[in-house]
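Beneath this line is the structure, given in structure tokens, with notes to follow.
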Amino acid sequence: MSMPKVIAIHSYKGGTGKSIIATNLTTIFSEKKDSCVLDLDFRAPSLHITFHQQVGKARWINDYLDAKCEAKEVVSDATEVASKGSRVYVGLANPSMTAIREMLAKDRRWEMVALNRLNNLVDYLLNQKTEYVVIDTSPGIHYSSINAAVVADKVLVVTTHDESDIDGTAKMIKEMYELIERPIEIVMNRVPAQIIAENGAKEYAQKIEDRLGAKVVGVIPCSCDILATERKEILAKTKPQHEFVKHLENIAQKI
Ligand SMILES: Nc1ncnc2c1ncn2[C@@H]1O[C@H](COP(=O)(O)OP(=O)(O)O)[C@@H](O)[C@H]1O
Ligand SMILES: [Mg+2]
């Protein structure tokens, strides 16, 4: 199989670590190739915090999907903030309450046009020599997340150790991913160190694989100091030795 270039990061529940994984993976990819991260979580945008320097430098992805601007107007250069060598681009979701409300009110017809436009945006980026496009999504089964999964070569589904999360992820895989036939892999995140120590990381991953019927590409422990960064820094750039980064580098190798 050829290397996946478009990777969507999805989850059943919110707060599993999608956004932080999306930004850090993009930075890791940028060590070798030009990369881009897109915020498609229109319900709870978050990349504008990490990429606050890029706010106002390009149009929102919302405007692009609404056919108010062109693909080339949506991404801005974030090399200085996020790169480990090559160029990094970012496309942001509009975090205003009005924009969030507007996106919540979109109907199925609009979402079908949006899927086509998202596809064109990704094609535009890949034609611009961007090798990796990472898409951050909304949790659960929403059109925008399904659209992201449909345009992706691979979906990383992030889940925590929480039973309601694992249970919901299992249902989501059955009801959504088996229908759209996208290849998915599982990342366990924020796993208590105690659980990893008691089970062994490999055995723990195996248990989850058996339960979800999908490959587990990483078991990332919970590290409280990640919260302390308040999203202002990208650990893959500022603290490359951090265990969170080491786990993501390992995942980047596997996908
Ligand atoms: N491995 C981890 N250990 C500790 N905190 C984490 C870890 N991964 C993510 N977090 C924290 O969890 C919160 C949710 O992460 P975020 O990336 O916003 O999730 P999502 O995008 O899925 O809602 C953030 O405060 C983040 O710093
Ligand atoms: Mg998020």
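Values reported hereafter were calculated over all heavy atoms of this structure, with side chains retained and with hydrogens, waters and symmetry mates removed. Throughout, numbering of the chain's residues begins at 1 and tracks the sequence. One-based numbering, in listed order, for ligands and for the atoms of each.
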Using the six-membered ring wherever Trp is involved, compare the ring planes of Tyr204 and His161 and label them parallel, tilted or perpendicular (cut-offs 30° and 60°).
-> tilted
In ligand 1, which numbered atoms sit nearer than 4.0 Å to a non-hydrogen atom of Lys18?
->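 What qualifies from ligand 1 is 17 (O), 19 (O), 20 (P), 21 (O), 22 (O), 23 (O).
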Below 4.0 angstrom from a heavy atom of Ser223, which ligand 1 atoms are there? Numbered from 1 as shown, please.
-> 2 (C), 3 (N), 4 (C), 5 (N)
Does the side chain of Val150 come within less than 4.5 Å of Leu115's, by heavy atoms?
-> yes
Validation row: Val37, Leu47 side chains within 4.5 angstrom (heavy atoms) |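 Sidechains of Leu47 and Val37: in contact.
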Salt bridge between Asp66 and Lys106, side-chain N to carboxylate O under 4.0 Å?
-> yes
Does Ser19 bring an N, O or S atom to under 2.8 Å of the Mg ion (ligand 2)?
->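 Here the distance criterion (N, O or S atom, under 2.8 Å) is met by Ser19, so yes.
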Taking the six-membered ring of Tyr64, is the NZ or CZ of Arg117 close enough (under 6.0 Å from the centre) and on axis enough (within 45°)?
->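 Verdict for Tyr64: a cation-pi partner in Arg117.
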Report the nearest protein non-hydrogen atom to [atom]: residue, atom name, distance rounded to 0.1 Å.
| atom | value |
| --- | --- |
| atom 18 (O) of ligand 1 | Arg231 NH2, 2.6 Å |
| atom 25 (O) of ligand 1 | Leu227 CD2, 3.0 Å |
| atom 8 (N) of ligand 1 | Asn189 ND2, 2.9 Å |
| atom 13 (C) of ligand 1 | Arg190 NH1, 3.7 Å |

Short N or O distance, [X] and ligand 1, threshold 3.5 Å exclusive:
| X | value |
| --- | --- |
| Gly17 | yes |
| Gly15 | yes |
| Asp136 | no |
| Ile20 | yes |
| Pro221 | yes |

Using links of under 4.5 Å between side-chain heavy atoms of ILVMFWY residues, direct or through other members, which residues join Met97 in one cluster?
->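 Joined to Met97, directly or through intermediates: Ile100, Leu104.
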Applying a strict 4.0 Å limit to heavy atoms, is Cys222 in contact with ligand 1?
-> yes
For Lys13 and ligand 1, answer yes if some heavy atom of the residue is under 4.0 Å from a ligand atom, otherwise no.
-> no
Option whose closest heavy atom lies nearest to atom 26 (C) of ligand 1, chosen from Asp41, Thr16, Thr137, Ile226 | Ile226
Between CZ of Arg43 and CE of Met103, what distance do you get to the nearest 0.5 Å?
-> 10.0 Å
Output the distance between atom CG (Leu118) and atom CD1 (Ile135), rounded to the nearest 0.5 Å.
-> 5.0 Å
Going hydrophobic residue to hydrophobic residue with side-chain gaps under 4.5 angstrom, can you get from Ile20 over to Ile234?
->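 Yes.
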For Lys84 and Ser30, which heavy atoms make the closest approach, and how far apart are they?
->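 Minimum heavy-atom separation between Lys84 and Ser30: N-OG, 2.8 Å.
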